[in-house]
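Here the structure comes first, spelled out in C-alpha cells, and everything after it is commentary.
These figures come from a predicted structure and were not determined experimentally.
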Amino acid sequence: MTYTIEKVTTLIGARRFGASDAKIGFVLTDSRSLCFPEETLFFALKSGRNDGHYYIPELYRRGVRNFVVTEVPADYATEYAEANFLKVVDSLEALQRLAERHRDEFNIPIVGITGSNGKTMVKEWLNQLLCDDMFITRSPRSYNSQVGVPLSVWLLNEHTQVGIFEAGISQPGEMLALRDIIQPTIAVLTNLGDAHQENFISKEMKCKEKLILFHDAKTVVYNGDDPIVNGCVNELEDFKGERLFWSLKDKRAPFFIKSVEKKETATTVTYIYKGNESWYSLPFIDDASVTNSFACAAVALTLGVGVDVLDERMQQLEPIAMRLEVKQGQHGCTLINDSYNSDINSLDIALDFMNRRPDHQGRRHTLILSDIYQSGMTTDELYQEVGMLCQQRGVEKFIGVGKDLQSHAYCIGVKAKYFFESVEELIDSDVFKQLHDEVILIKGARRFGFDQLTELLVQKVHETTLEVNLNAVVKNLNHYRSFMKPHTKLVCMIKADAYGAGSVEIAKTLQDHRVDYLAVAVADEGVTLRKNGITSNIMIMNPEMTAFKTMFDYDLEPEVYSFRLLDALVKEAEKEGITGFPVHIKLDTGMHRLGFDPHKDMDELIRRLKRQNAIIPRSVFSHFVGADSDDFDTFSAQQFELFKLGADKLQAAFDHKILFHMDNSAGIEHFPDRQMDMCRLGLGLYGINSRNNKIINNVSTLKTTILQIHQLPAGESIGYSRKTYLERDSLIAAIPIGYADGLDRRLSNRRGYCLVNGQKAEYVGNICMDVAMIDVTDIDCKEGDSVEIFGDHLPVTVLSDAIDTIPYEVLTGISNRVKRVYFQD
C-alpha cells in the first residue's frame, strides 16, 4: 500500500516544506537499511547516542526525497530542492501516529502478543499454524519496541487477512503507545517472568503495564494458573471481551489442560476447549515450548482452525531461529555461537541444543559464558541456577567472563572451570590458546564483545605480499563513472575477495566514495564485510541455500535465479519471520548459466512472488555475453530486447520501482544507451579494460623477495621432474612463492617471467607449491632483493596471455596466505 505525501502530512499532523509529488510505500529509521529510496519516508529519530538528522545528506544523495524531521535544514530550498520535509514536534511520535492511522484501515483479526519471554516463539508458531489458510503479516524478527512495532504494523497491506505483532516493554509507560498502534482483536500474555524487573516496583506493576494491551481486545489469552496475572486480569473492571485463559488446575477454564504426556521426543497435550475434549501432539518436550503451545492452540482455535487440523499442524511445528550458529573451529573444535544475548532461559535452550548435538568423536562440552544481567534474581540464586543447568546439560568445562561470575565461582559445580574479568584477558590466557577437540558454546551479553572469540584469525607470516593501491581503485571508479549518466546507480563487484585485492579494504574505499551497491559471490564474503563496518547494500550473486539465515542476519540481498531457490528462500524467510526482504531477479538472456527464461517463466515467477510477502524484488538483471567485443553486437542487441521483455513484465506486476541493470564494465563504455537504472562494474574497477586488455590504472602488485642464489654449471637440471636443463653456467634464485600462493604452474620452464630490479627473469624448472626458481644470470641482484610477479611494471595481462587465460583467473588465484598491504600514493 502507498500513500501520497499529502496524505501522510495530514495523518501525522506535520507542516510540509517542499512541494514535490511523492508516493510513500516504505518507512525507514535506520539509514543502513535503505533499499527503496524512491518511495521511502525517512524518520529522523533522535536518541541519546544518535540523531537521524545527521544522515539526511547521505540519504538525499542515495535518492531519498521525503523526510520527517524536527528541524528543517536551513538550506532545504537550495541543497534539497527535490525533497519534502515534514516538520513535527517528535519524530518517534509521528512514526507511531502514522502506523496507528495505517492500522485503522484494516478490519481484520489482529493478534497482539506480550510477555516476558516466548513472544517470538508464539508469533512464529501461530504463523506456522495459520499460514496455510490465511495471509499473515507479522513482526519481522523481534520488532517489538517503540520503533519496531510501528515498523511492523506498517507492513499490513491489502492482502493481509491476519496480523500478528509482538509488543515488548522494558519500563512503565511504554505499552499505551504500542496498544494504540497494534489495536489487537486478540491479545496474548505469554508469561510473567523476570526480564526488566529492575524497572518495576513489583511484578504486579509490570503485569498491569503489560495488560494495557488487553484493554480493547475482543479476546484475551493468558495463564489462569498464575496468581499475579489472574488477579490483575480480574481487576480489569471495564474489560468486556472474552477471557480465554488456559489452566492445568481449573476444570472450568475455557482452555483446560487435562493432561501433558511427555515422551522421548514429543509431547501429547489433552485439552478441553469450551466443553469439548481433544488433543494435539507437539515435537518438543521442554517446558517453555509446551507452555507456549497452549497460547498458540487457544488463538488458533479462536481463529477457526479445526481440532484435527490443529493436531496435524502442531506435529509439524519447526523450531524458530534461536540465533545459534554452528561453525567449524580450529584445532578440532565445533563452535556454537550465541553471542547475541544472555539470560537464563535462552542459556537453557542453548545448552540443550549443544547437549543434543550428535558428536561421534566424544569431544568435551565447553561453555564460555559472560555475566548475566536483568534476571530479576539475586546473583546467588542466578548463578546457582547456572551451575545446575551446567550439570544437567552435561557441561564438562566452564569458562566464565565477568566480575559477577568470578565472585560466584563456588556456584559452578564443574570440575574444570576458569574465570576471567574480560574477553581480552581470556584471549591472552593459556586456557584460550589450549582449546582443542571440544564442542564450545559461546554465550554472552553483547557488551562483553564475545564476537571477538569467534573472529580471531591466526596471523599469517609470509615474505610474499600483494600491494594494493587504493587511489588507483578510486581512479578506475571515476573513469567508468565518467561514461555514466548522473542518475545511474552503480554496483561494484568485490566477489572472490575483491578479485584477490582484499574485499574489506576495497569495500571501505568504495563505501567512502558512495557506490550504491557492493556485490559478492557468497554470503560468507558479505558477513566479513558487515563485521568490518561495511553498511552499504550488499548483493549476493551465488546464494547457497545453507546460508539463508546468514543473509537475513546480516542484511545481504540474494540473487534469485530459479524456482527451486525462490521457494526455498521464501520458506526460510517465513520461518525466520522475515517480510519484505529485497532480492535481485536474474534473467537468462543468452549466457545460459543461471536465470529465469524471459519467454517461459515470467508468469509463474510473478504468480509465486505475488502470493507471499517474505521477499520483494529490488532489481532485475541479466548479463551481456560479449560486451567486450564488437563481434557480438548483434547478439547483445537481441539479449537486451529479451531482457526488456521479461523485466518490463515483472515491473508491470508491482507498484514499487524495480531497478533494471545489464551493463557490465565493458557495457558501461560500449553500450551507454543500455545503462538503464544501474550498472555493474567488475574487472574495470581493478584497472583492466576487457575490451582491449589494457591497464587503466594498476591496482595490484604482487611482490616477493629472493631467498637464495645458486651458481650452477651448464647441464644441471632444475626442479621437480628435471624439466629444465641449463644450457650455460647460470645463477638461479629461489623465491618464496609457489602455486599455493597463486603462481600458476603453467608459467614454469621459461614460459613466463618476473622482474628483478626491472629486468626479466624467467621461471626455470617446475614451479613448486611454496617456492619458484628464476634465472638471474644476467641481472645484478642479491639475496633479499625485491621481485615483481606482476604490477606497475609487469601488467597482469602479460601473465594471463602467457598461459592463455584471462586476468580474472590470475587475480582471483592469489592465495589468502599472501599478505595484503594497502596504500594510497
Open item on the list: Within the supplied structure, the quantity of interest is the number of heavy atoms (other residues, nucleotides, ligands) at a distance under 6.0 Å from K610 NZ; does it exceed 12?
Closed with: yes

Task: Shortest non-hydrogen contact between W246 and T190, atoms and distance - done: CH2-O, 3.7 Å

Open item on the list: Taking the ring centre of each residue, are W154 and Y143 less than 6.0 Å apart?
Closed with: no

- [ ] Rounded to the nearest 0.5 Å, what's the gap from OG1 on T160 to CE on M1? Could you check?
- [x] 9.0 Å

Task: Sequence-distant partners of H408, ring pair (Phe, Tyr, Trp, His ring centres under 6.0 Å), two or more places apart - done: Y383, Y410

- [ ] Could you pull out the closest heavy-atom pair between Q391 and G413, with the gap in Å?
- [x] NE2-O, 3.4 Å

- [ ] Would you please name every residue forming a ring pair (Phe, Tyr, Trp, His ring centres under 6.0 Å) with Y273, sequence neighbours left out?
- [x] none

- [ ] Could you tell me whether the side chain of E174 and the main chain of Q146 form a donor-acceptor pair under 3.5 Å?
- [x] no

Open item on the list: Would you compute the distance between atom OG1 of T579 and atom CG of L155 and round it to the nearest 0.5 angstrom?
Closed with: 4.0 Å

Task: Heavy-atom donor-acceptor pair, D371 side chain to D404 backbone, under 3.5 Å - done: yes

TODO: Could I get the full list of ring pair (Phe, Tyr, Trp, His ring centres under 6.0 Å) partners for F245, not counting sequence neighbours?
DONE: Y222

- [ ] I would like to know whether F135 and I108 meet side chain to side chain contact (heavy atoms under 4.5 Å, CB included); could you show each step before the answer?
- [x] CA-CA 11 Å; F135 194 95; I108 58 175; over 6 Å; no

- [ ] Apply side chain to side chain contact (heavy atoms under 4.5 Å, CB included) to N234 and list each qualifying residue two or more places apart in sequence or on a separate chain.
- [x] N230, R243

Open item on the list: Rounded to the nearest 0.5 Å, what separates atom CG in L98 from atom CD1 in I24?
Closed with: 9.5 Å

Open item on the list: Once rounded to the nearest 0.5 Å, what's the spacing between atom CG of L303 and atom CD1 of I164?
Closed with: 8.0 Å

Open item on the list: With heavy-atom distances below 4.5 Å as the criterion, would you say the side chains of F200 and I169 are in contact?
Closed with: yes

Task: Under 3.5 Å: donor-acceptor pair, side chain of Q384, backbone of C411 - done: no

Task: Counterpart residues, side chain to side chain donor-acceptor pair (under 3.5 Å), relative to K263 (two or more places apart) - done: none

Open item on the list: How close do V233 and F214 get, counting heavy atoms only, and between which atoms?
Closed with: CG2-CE2, 4.3 Å

- [ ] Could you pull out the closest heavy-atom pair between D250 and F256, with the gap in Å?
- [x] O-CD1, 3.2 Å

Open item on the list: In the structure I gave you, are the side-chain heavy atoms of T120 and E166 within less than 4.5 Å of one another anywhere?
Closed with: yes

Task: Partner residues of S259 under the side chain to side chain donor-acceptor pair (under 3.5 Å) criterion, sequence neighbours left out - done: T270

Open item on the list: Can you confirm whether L211 sits close enough to L189 that some side-chain heavy atom of one is under 4.5 Å from a side-chain heavy atom of the other?
Closed with: yes

Task: Side chain to side chain, M314 and V269, heavy atoms closer than 4.5 Å - done: no

Task: side chain to side chain contact (heavy atoms under 4.5 Å, CB included) partners of D104, counting only residues at least two apart - done: R101, Q183

Task: Atom CG of D287 with >12 non-hydrogen neighbours under 6.0 angstrom - done: no

TODO: Check whether any side-chain N or O of T114 sits under 3.5 Å from a backbone N or O of A167 as a donor-acceptor pair, and report yes or no.
DONE: yes

TODO: Go through the structure and list residues passing side chain to side chain contact (heavy atoms under 4.5 Å, CB included) with M388, not counting sequence neighbours.
DONE: Q392

TODO: Report yes or no: does Q612 contribute a side-chain atom to a donor-acceptor pair with the main-chain N or O of I615 at less than 3.5 Å?
DONE: yes

Open item on the list: Under the criterion side chain to side chain contact (heavy atoms under 4.5 Å, CB included), I'd like the reasoning laid out for E572 against I578: C-alpha separation, chi angles, the key distance, then a yes or no.
Closed with: CA-CA 9 Å; E572 187 68 16; I578 301 290; over 6 Å; no

TODO: Verify side chain to side chain contact (heavy atoms under 4.5 Å, CB included) between S116 and K206, making sure each step is shown before the conclusion.
DONE: CA-CA 10 Å; S116 296; K206 183 168 66 174; 3.9 Å; yes

- [ ] Could you tell me which residues satisfy ring pair (Phe, Tyr, Trp, His ring centres under 6.0 Å) with Y280, sequence neighbours excluded, listed by chain and number?
- [x] Y271

Open item on the list: Any heavy-atom pair between the side chains of L178 and L213 that's under 4.5 Å?
Closed with: no

TODO: Determine the minimum heavy-atom distance between L405 and L369, stating which atoms define it.
DONE: CD1-O, 3.3 Å

Open item on the list: Are H102 and Y3 packed together at the side-chain level, in the sense that at least one heavy-atom pair is separated by less than 4.5 angstrom?
Closed with: yes

Open item on the list: With a 3.5 Å distance limit and no angle check, can you tell me whether S281 reaches the backbone of T268 through a side-chain donor-acceptor pair?
Closed with: no

TODO: For atom CZ of R607, decide whether the heavy atoms of other residues, nucleotides or ligands shown that lie under 6.0 angstrom number more than 12.
DONE: yes

Open item on the list: Once rounded to the nearest 0.5 Å, what's the spacing between atom CD of Q161 and atom SG of C131?
Closed with: 11.5 Å

Task: Under 3.5 Å: donor-acceptor pair, side chain of T185, backbone of I110 - done: yes

Task: Non-neighbouring partners of S289 that pass side chain to side chain donor-acceptor pair (under 3.5 Å), sequence neighbours left out - done: D286

Open item on the list: Using side-chain heavy atoms (C-beta onward) and a distance below 4.5 Å, is V149 in contact with F165?
Closed with: no

Task: Shortest non-hydrogen separation from F106 to N157 and the atoms involved - done: CE2-O, 3.1 Å

Open item on the list: Using a 3.5 Å distance criterion without hydrogens, assess whether the side chain of E124 forms a donor-acceptor pair with backbone atoms of M121.
Closed with: no

Open item on the list: Measuring only between side-chain heavy atoms, which start at C-beta, is Q128 closer than 4.5 Å to Q316?
Closed with: no

- [ ] Kindly write out the residues that satisfy salt bridge (charged side-chain N to carboxylate O under 4.0 Å, His left out) with D133, not counting sequence neighbours, or none if the list is empty.
- [x] R313

- [ ] Output the distance between atom SG (C296) and atom CG (L130), rounded to the nearest 0.5 Å.
- [x] 9.0 Å

TODO: Check side chain to side chain contact (heavy atoms under 4.5 Å, CB included) between D226 and all other residues, then give those that pass, not counting sequence neighbours.
DONE: L192, N223, I228, V229

Task: Side-chain (R103) to main-chain (I181) donor-acceptor, under 3.5 angstrom - done: no

TODO: Using atom types as modelled and distance alone, determine if a side-chain donor or acceptor of K123 lies under 3.5 Å from a backbone N or O of K119.
DONE: no

- [ ] Quick one: do F398 and V386 satisfy side chain to side chain contact (heavy atoms under 4.5 Å, CB included)? Show the steps, please.
- [x] CA-CA 11 Å; F398 183 94; V386 169; 4.2 Å; yes

